[in-house]
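First the structure, in the form of C-alpha cells, and then the observations on it.
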Amino acid sequence: MRAPSSLQLYLRTGISAGVAALLVGCGGVSTDYSSLNLAQVSGTVTLDGKALAGAAVYFEPSDPLISRSYATTDSGGRYVLEFDSVKKGATLGEKTVRILGIGIRGEEAAVEPDGGAAPAPQADAVPACYNKESKLKATVNSGSQTMNFDLKSDCSVTGPTS
C-alpha cells in the first residue's frame with residue numbers, strides 16, 4: 001500500500017476541519033451567563049459640559065481573562081454597556097474606563113435609538129488621559145447603576161461624576 005501524497009493529506013485535513021466546523025456551527029454553542037453576575041451600567045459622557053457623541057466607552061477589568069464591556073455614545077452622549085453582542089452589562093468590580101473619540105467630524109458613527117445616525121466626534125477630541133493613558137476608574141456594583149462622566153480637557157476628572 002502506497003503512502004498518501006501531500007496533496008491527499010492536505011485535502012483530508014481540510015475536509016475533516018470543514019466537517020467539524022459545520023457540526024459545531026449547526027449544533028450551536030450556547031454561552032452560560034449565569035456565573036458572570038453582570039450589572040447594568042448606563043450613563044452620559046460629556047467633554048467640558050458638551051455631550052460627546054459617537055465615542056467608544058470601555059470598562060476594562062484588571063483581570064485580562066475577563067472581557068471588557070463596551071458601548072458607543074449617541075448624539076446626547078448616552079451609553080448602555082454591552083458585555084458582548086448578546087448580553088448587556090458589565091462584570092462587578094473596579095474597572096479602568098477608557099473613552100475614545102472614534103469618528104471623524106462629519107461622518108456618521110453611532111446609531112440613535114430611533115434608527116437615525118449620530119454625528120461622530122473629532123478623532124482627537126478626547127484627551128489621552130481618558131483613553132490610552134486613562135486614569136478614569138469606576139466600581140461596578142450589582143444591580144443597575146448610572147455612571148456619568150463629565151470629562152475635562154485639563155484631565156481633572158478621574159471617575160464618574162454621578
Side-chain angles (χ1 to χ4, degrees), residues 21 24-162:
V24 169
C26 292
V29 176
S30 63
T31 303
D32 179 13
Y33 294 99
S34 63
S35 64
L36 291 177
N37 197 17
L38 297 174
Q40 302 305 304
V41 180
S42 61
T44 303
V45 179
T46 59
L47 179 61
D48 297 323
K50 296 180 183 168
L52 193 58
V57 179
Y58 296 100
F59 275 50
E60 298 177 350
S62 58
D63 183 346
L65 297 178
I66 299 175
S67 295
R68 66 183 178 178
S69 293
Y70 58 90
T72 302
T73 59
D74 66 14
S75 63
R78 294 175 298 270
Y79 72 92
V80 177
L81 286 181
E82 297 180 31
F83 180 74
D84 62 17
S85 62
V86 175
K87 198 78 166 162
K88 294 199 180 299
T91 56
L92 306 183
E94 186 171 320
K95 310 290 182 217
T96 296
V97 179
R98 297 185 194 280
I99 301 174
L100 298 86
I102 58 175
I104 298 173
R105 188 166 294 168
E107 292 183 3
E108 297 177 350
V111 177
E112 295 292 310
D114 65 2
Q122 192 169 351
D124 60 356
V126 182
C129 61
Y130 297 125
N131 45 67
K132 68 179 180 180
E133 300 167 11
S134 185
K135 59 182 182 177
L136 283 175
K137 300 288 182 192
T139 301
V140 176
N141 298 308
S142 61
S144 182
Q145 56 231 270
T146 301
M147 292 189 193
N148 298 320
F149 294 91
D150 184 18
L151 309 179
K152 304 294 181 194
S153 292
D154 67 2
C155 298
S156 59
V157 173
T158 59
T161 56
S162 58

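Counting begins at 1 with the first residue of the sequence.
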Given side chains that start at C-beta, do those of Thr46 and Leu52 come closer than 4.5 Å, heavy atoms only?
no

Here the pair of heavy atoms bringing Ala90 nearest to Leu81 is CB-CD1, 4.0 Å

Nearest heavy atoms of Pro127 and Cys155, plus distance in Å:
CB-SG, 4.0 Å

Quick check for you: to the nearest 0.5 Å, what is the distance between Ile99 atom CD1 and Asn131 atom CG?
9.0 Å

Determine, stepwise, if the pair Tyr79 / Thr44 fulfils side chain to side chain contact (heavy atoms under 4.5 Å, CB included).
CA-CA 6 Å; Tyr79 72 92; Thr44 303; 5.9 Å; no

Are the side chains of Ser42 and Arg78 in touch, meaning some heavy atoms are under 4.5 Å apart?
no

Taking side chain as C-beta onward, heavy atoms only, is Thr73 less than 4.5 Å from Val57?
yes

Just by distance, do the side chain of Ser69 and the backbone of Gly89 share a donor-acceptor pair under 3.5 Å?
yes

Between Tyr130 (side chain) and Lys152 (backbone), is there a donor-acceptor pair under 3.5 Å?
yes

Does the distance from a Lys or Arg side-chain N to an Asp or Glu carboxylate O, for Asp48 and Lys50, drop under 4.0 Å?
no

Rounded to the nearest 0.5 Å, what's the gap from CG on Leu47 to OG on Ser153? Could you check?
4.5 Å

Side chain to side chain contact (heavy atoms under 4.5 Å, CB included) between Thr91 and Leu38, worked out:
CA-CA 5 Å; Thr91 56; Leu38 297 174; 3.9 Å; yes

Just verifying a value: how many Å separate Lys88 NZ and Gln40 CD, rounded to the nearest 0.5 Å?
8.5 Å

Which heavy atom in Gly101 sits nearest to a heavy atom in Val126, and how many Å separate them?
N-CG2, 3.6 Å

Considering only heavy atoms from C-beta outward, does the side chain of Tyr70 approach that of Glu60 to under 4.5 Å?
no

Basic-acidic side-chain contact under 4.0 Å: Glu82, Lys87:
no

Nearest heavy-atom pair of Val140 and Lys95: which atoms, and what distance?
CG2-CG, 4.0 Å

All heavy atoms of Val157 vs all of Asp150, minimum pair found to be CG2-O, 2.9 Å

Are Thr161 and Asn148 close enough, and set up right, to give a side-chain hydrogen bond (donor to acceptor under 3.5 Å, both in side chains), and what steps lead you there?
CA-CA 5 Å; Thr161 56; Asn148 298 320; 5.5 Å; no

What are the two closest non-hydrogen atoms of Ala53 and Ser75, and how far apart are they?
CB-CA, 3.7 Å

Pairwise distance CG(Leu136) to OG1(Thr96) - rounded to 0.5 angstrom
9.0 Å

Parallel, tilted or perpendicular, judged at 30° and 60°: which one describes the rings of Phe149 and Phe59?
perpendicular

Cation-pi, Tyr58 ring and Arg98 (6.0 angstrom, 45 degrees):
no

